[in-house]
Structure formats: C-alpha cells, structure tokens
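Residue numbers start from 1 in every chain, and the chains themselves are labelled A, B, ... in the order their sequence lines are given, proteins ahead of strands.
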There are 2 protein chains.
Amino acid sequence: MNWDSLKVFLSIARCGSLSGAATDLEVNHSTIFRRLNAFETEIGGQLFERVNNRYELTTLGHELLDLAQNIENSFDGINRHIVGKDIQPKGLVKITAPNNIAYRYLPRYITNFNLHYPDIQIELLVSNQEFNMSNRQADIAVRSTSSPAEHLIGRQVCTLNWSVFASKAYEDKFGLPNNIDELAKHVLIGATGGMCRLPAFIWQDKHFADQVITRCDDLTAMSYFVESGQGLAFLPDDQSRPELIKLFAIQDSQPSNIWLLTHPDLRNVERIKLVMQYLTKAFSDEWAC
Amino acid sequence: MNWDSLKVFLSIARCGSLSGAATDLEVNHSTIFRRLNAFETEIGGQLFERVNNRYELTTLGHELLDLAQNIENSFDGINRHIVGKDIQPKGLVKITAPNNIAYRYLPRYITNFNLHYPDIQIELLVSNQEFNMSNRQADIAVRSTSSPAEHLIGRQVCTLNWSVFASKAYEDKFGLPNNIDELAKHVLIGATGGMCRLPAFIWQDKHFADQVITRCDDLTAMSYFVESGQGLAFLPDDQSRPELIKLFAIQDSQPSNIWLLTHPDLRNVERIKLVMQYLTKAFSDEWAC
DNA sequence: AAGCAATATTGCAAATATGCAATATTTAGG
DNA sequence: CCTAAATATTGCATATTTGCAATATTGCTT
C-alpha cells in the first residue's frame, strides 16, 4: 500500500470533490482521480459515493477517515519536531594532542568551536604518548611527525619550523652561538622517549649528541630548561615566548608537520567531521604560511 | 513531504544497510539510496551516520524512529481494518505453526479443507518463531502455550500431555528410569530460545537443569537426539514415533495447550473464519479427549 | 428544455522515478 | 597482507507518474 494514497483520500473526504482536493494538494485533477481509483481497487472497496456531484464517504470511508486522521496527526508531529529543526549534533569527541599544541592552541579553538556547537562535548587528552586510536581511546589525534601512521586518515594542517632557542640566563653564562656550527661549543637540552623520533632530534643526536647535558620528553619542559639557563634547545617555533631568545632556524633537519588524524571508521560521523573541519580551518588560519 | 519516505527510513533503520532495505522493500538499492538522500535533504538534517559500513541512526534519526513506528502501527491497523471487511469466502490465508504441528497435522487438514473451499488459498509458514500478527505476516497462528498472547483471540483446540521419551539406543547405554525422580541419575535434552517458555521446560530447568547435556529449539530435532541415544527428552505426546519409547507422563508441570489464534480485527473475515472453524473441528476430531 | 458552469474522465506529451549495469568502497576469511 | 564477497554510489535507458488539454457528465438557472 502506498502511504501517500491516504493523503489523497483525506483531502477528497474534506473537500468533497476531486478538483477541491487537487487544489489542496497542488496537483492536477486527473492525478487525484487516478490515485483514488487505484486506491479503491487496491483495498477492494468503495470509499466514496458519487452523489449530487459530490464525493460522499461510504461506511468504509468513514471508518477509514478516523484512522487516517490519526496518521495525519502523527505526520504533523513529524513536521513540527523533525523537519527544519536541525537538531544540533551532540556527543563526545576525544582529542589527544601533545602538550605544546594542547596548551597553546586547542583551548582557544575548542572554546570557539563550542560557541557554534554547544552540544558537542570535547575531551582533551594531553599526552606526548600516542594514544591508541583503534580502540577509541581518542577520536582525533593531533600529531607532529613527518609522516603519519598509515592506518589513520586526515590532513596535514601546517608545517612547523624548528629553531635553536636560548635565554638571557644562558647568554650570561655561556654567550650565544652565531650559527649552527658553533653549537659544538655549547650545551644542549636533548630529547628522550618518544620525542627522539622527531626529525629535529634525530638530526641533533646525529651531530651534537655529545653536547647534550640534559634530556626530557616534553617540549615545554625543555623550554623551561632553556629559560633557566640549563642549555640551548631545539624547539618548534610555536614555543616562542618573550623569555626565550630565538637564535636561528634549523635548516638541515626536515621540518615537523602537524597532522590532524582520525580513524577511517569515524570519518563520516558527523560530530567528528565537524571538529576535524573546524580545527583544520583554525590551524590554517593561525599559520597562514 | 512524501509519506512513503518513512517506509524507506524505517526499513533502513531496521536493516542497518541500504541493500537490506532494498531487499525488504523489493526495490533496487539505488532507489533506496536516492530516496534517503532526498528525504534527508527535505527535512534538512542527517538521519543516519555511516559507521563501520552500517547505517546508524543519528540523534535526529532516533527521534524520528519513535514517531515513524507509531505511524507504521497505524497503517498496519488500517490494513487489518480493510481486510477485516472482506466477507468473500476466497483469497489468501496465512497460517503459522511450529514444526511438529506443521509437519504432522496441517498438511492433511489443509488438503481436506481445500476440497471444500478450493478458492481459499492457504500459505503455511513453518516456524518456531512467533510471527508478527499485527502486520499480518500471518493471519492465523497455531501456538502451543499454556496461555496465549493477550491481544490475540481464538480457542484452545486441545490439551497436549507431555511425557518423558527414551529410545533403544539410550536404554542400551544407560538403562531406563522407572519414575520421574530417577531422572536425577539420567541425561536429558533441554530447551533453548523461545522453547524455554514452555511449561514442561520451565519445570525441567527448575528440577533437572544439571542433567541437561544438549539443548535445542525444536521438538522434532529433540526427538531425533533421543532416537540417537544422546539423552532423554520431555516431549508432547504427539511426537510419539515407533522409534521412541514413551516412559511416563509428566504430571507436575501444567500441560501445554494448543491454541488456534487470530487477530481480533480479522475475526469477521469470512475466509479466515472458515479456516479457523475447520481447523478447530479437525484438531478436536483427531484428539477426541 | 436549453444553456451554462462546475466537475469528472481520458489521450497524449513531459517530467519524474526506477532499474540496470558499471564502478567504488568496505569487510571478512584465508 | 591479499583476495573474494558484500555493500554503496553513479550514469544512462526504461517505465511510471503527472500535467495539460480536450471531452464528457452532472446539476443548476432561466
């Protein structure tokens, strides 16, 4: 049974004529005529009596009218509650990001995002460890590598240049190098743990491993070592602060890329799509490079 | 809004895939695909998210599902109402019955019935599952319970006594119990699935659950387990066969009753009334008890 | 009773929806 | 990890539905 037939039936019952129903439903008279006939044939009974040039309901028609009106009310309910209501996507989205990004950029971005989508709740997992994405410890990962894990999908949102940073305290103790080769005569903060895999530190360990006096696994902590005069450090430019002195760029190691990644299964989940889109735009606006 | 769109929506929601819905509605996949897209555009919101290659309802979709199911129920009601008006002694009657009854009695009864009413076409749906009577998957159900579903009407056609059955193969292995208490020292075939609700098996699970070695959801299959010597089984007496040894009746659990049921809306449909009457007589003639 | 006006019915052309078949995409089993 | 099966998606030909316009019917007015 074609459910639309009931609309035609209701309209004829109310107007008492095919032409009235046609106007009501904004279709041609002949359509109404043919659809009523088809419907009556289908159910095997007359719904209307053609008397006095009017369509009057038969007994069966009257019974059907009651039932049909209920259905119509239900459809009205759909129109009121569903159509155009554009229900806000909601739910939880878990983002994991390394400290520097998590501290410096994401809070601002997320606050802004929630102005647009207040019902999407964001959970920010700050960690330099790579969270397991396949068992959904996190939905979205912001990661800084030169090439991302192959089973994840996403986009590179920006390129991060690295520089050598110093501080007033360091300068007072040891002076400053003028170029990258002079690092051989200076003291460095190095990486350990997962951070060793970053291109800048691979390069550092290859050329200046002996200069490293202290190692840590957190870029921000590293920047505080610099501030306190413990040594020079290789840091991405986004770690710049007034207390630090940016000396010169590290050309020789390939730059890090910031990737925004998610699991393929989640690609089409609306709330995750929205967050991905927003963050992509936010990052690229910030680093218009 | 096209009211038929809801049919498509409901079907996708239930199947979780476009192809499933297409099979269900007997149209092409691409039709489903396009109608869903059109519908989502029309109401201005996503109804499904594609996760893990499945169509999962969004928040909006869930809200619509509630409303849509009500509407579907109303349409089912209309269908029954219309069919209920049919007073001609011809047409299709769908009967659902559990395997044992369907194999053993109904073919004979139906053949006989059709000698008298060749214009009433019978469709026999053999299943131990309970078919949905509200949407007319079946017109008449033969069911074996102690008390039938409350929204259906009909009559109890006979009482079925249950007995413990064994076989030669079993006797050779374990000997036979002399009374019901000795079952504690024997091995039983038990019920699973919907059949657990039969009084005999409720009682069995209460007193001899530990003796059950194998379970299945089909009485005939159970009787073959008995035949092969796998264990003893509780079976209704109509499962008697020369290969089985009927030991003693189960007095303590209330007997099953065979009910012949139909939907109240179909009560006055002539062809259904005729089938009901004939089957009632056939059953009570067979079991003059 | 004749003519008028409103409504109903039918043939044919245009618009729309559907199925088919080819191409992606995804999943599950080896 | 790769292949085969299942599922989605798209373009194009076909089938169905609809609108238009011409014709028929009904009821009302004069």
Side-chain angles (χ1 to χ4, degrees), chain A residues 1-43 46-58 61 133-136 139 148-155 261-270 272-273 276, chain B residues 1-43 46-58 61:
Chain A
M1 162 176 180
N2 185 321
W3 287 6
D4 259 20
S5 306
L6 223 53
K7 262 202 291 202
V8 175
F9 165 76
L10 274 167
S11 191
I12 301 173
R14 293 202 182 104
C15 302
S17 77
L18 299 190
S19 27
T23 314
D24 178 31
L25 297 178
E26 298 177 317
V27 294
N28 197 279
H29 313 150
S30 39
T31 301
I32 301 289
F33 172 70
R34 287 181 282 230
R35 290 186 61 164
L36 173 62
N37 284 6
F39 188 44
E40 283 185 336
T41 306
E42 182 185 348
I43 68 177
Q46 293 267 117
L47 293 169
F48 296 96
E49 202 93 50
R50 280 78 168 168
V51 285
N52 282 347
N53 212 27
R54 278 181 60 80
Y55 273 70
E56 300 278 2
L57 286 163
T58 59
M133 303 280 287
S134 22
N135 63 8
R136 296 209 51 205
D139 300 308
E150 67 295 326
H151 65 285
L152 299 178
I153 57 167
R155 60 205 311 165
L261 298 166
T262 188
H263 196 281
D265 287 354
L266 304 175
R267 171 176 41 182
N268 289 315
V269 176
E270 194 179 13
I272 289 169
K273 207 159 55 180
M276 288 284 284
Chain B
M1 159 175 181
N2 186 324
W3 286 6
D4 256 23
S5 306
L6 269 203
K7 271 202 280 200
V8 175
F9 166 75
L10 276 167
S11 191
I12 301 174
R14 294 205 179 103
C15 302
S17 79
L18 298 189
S19 26
T23 312
D24 179 33
L25 297 177
E26 298 179 319
V27 294
N28 197 281
H29 313 151
S30 37
T31 302
I32 300 287
F33 173 70
R34 288 182 281 232
R35 292 193 41 176
L36 173 62
N37 285 6
F39 188 46
E40 283 185 334
T41 306
E42 184 184 348
I43 67 175
Q46 293 262 120
L47 294 170
F48 295 96
E49 282 174 353
R50 198 144 125 39
V51 192
N52 282 346
N53 212 29
R54 277 181 63 80
Y55 274 73
E56 302 275 5
L57 288 164
T58 60

Pairing residues for Asn2(A) by the side-chain contact (heavy atoms from CB on, under 4.5 Å) criterion, not counting sequence neighbours
Asp4(A), Ser5(A), Arg35(A), Asp4(B)
Rounding to an integer number of Å, can you tell me how far Glu56(A) CD sits from dT7(C) C1'?
15 Å
Partners of Arg34(B) by salt bridge (charged side-chain N to carboxylate O under 4.0 Å, His left out), sequence neighbours excluded?
none
Distance from Leu18(A) atom CG to Asn28(A) atom CG, nearest 0.5 Å?
11.0 Å
Can you list everything that forms a side-chain contact (heavy atoms from CB on, under 4.5 Å) with Ser11(B)? Sequence neighbours excluded, please.
Cys15(B), Ala21(B), Asp24(B), Leu25(B)
Applying salt bridge (charged side-chain N to carboxylate O under 4.0 Å, His left out), name anything that partners Glu56(B), two or more places apart in sequence or on another chain.
Arg54(B)
Would you mind reading off the distance between Asn2(A) atom CG and dT16(C) atom C1', rounded to a whole angstrom?
15 Å
Listed by chain and number, what are the side-chain contact (heavy atoms from CB on, under 4.5 Å) partners of Thr23(A), not counting sequence neighbours?
none
Return the set of residues passing ring-ring contact (aromatic ring centres under 6.0 Å, His included) with Tyr55(B) (not counting sequence neighbours), or none when no residue passes.
Phe48(B)
The bend of the helix from dA1(C)-dT30(D) to dG30(C)-dC1(D), taken between the axes of its five terminal pairs at each end and rounded to 10°, is 30°
In whole angstrom, give the distance that lies between atom CG of Asp4(B) and atom C1' of dT16(D).
14 Å
Calculate the interatomic distance between Arg35(B) atom CZ and dT18(C) atom C1'; express it in whole Å.
10 Å
Taken to the nearest whole Å, CD1/Ile32(A) to P/dC20(D) is 13 Å
Among all residues two or more places apart in sequence or in another chain, which pass the salt bridge (charged side-chain N to carboxylate O under 4.0 Å, His left out) test with Glu40(A)?
Arg50(A)
Summary of protein contacts for nucleotides 8-14 of chain C, nucleotide by nucleotide, where a base hit scores B, a sugar-phosphate-only hit scores S (4.0 Å, heavy atoms)
SSBB---
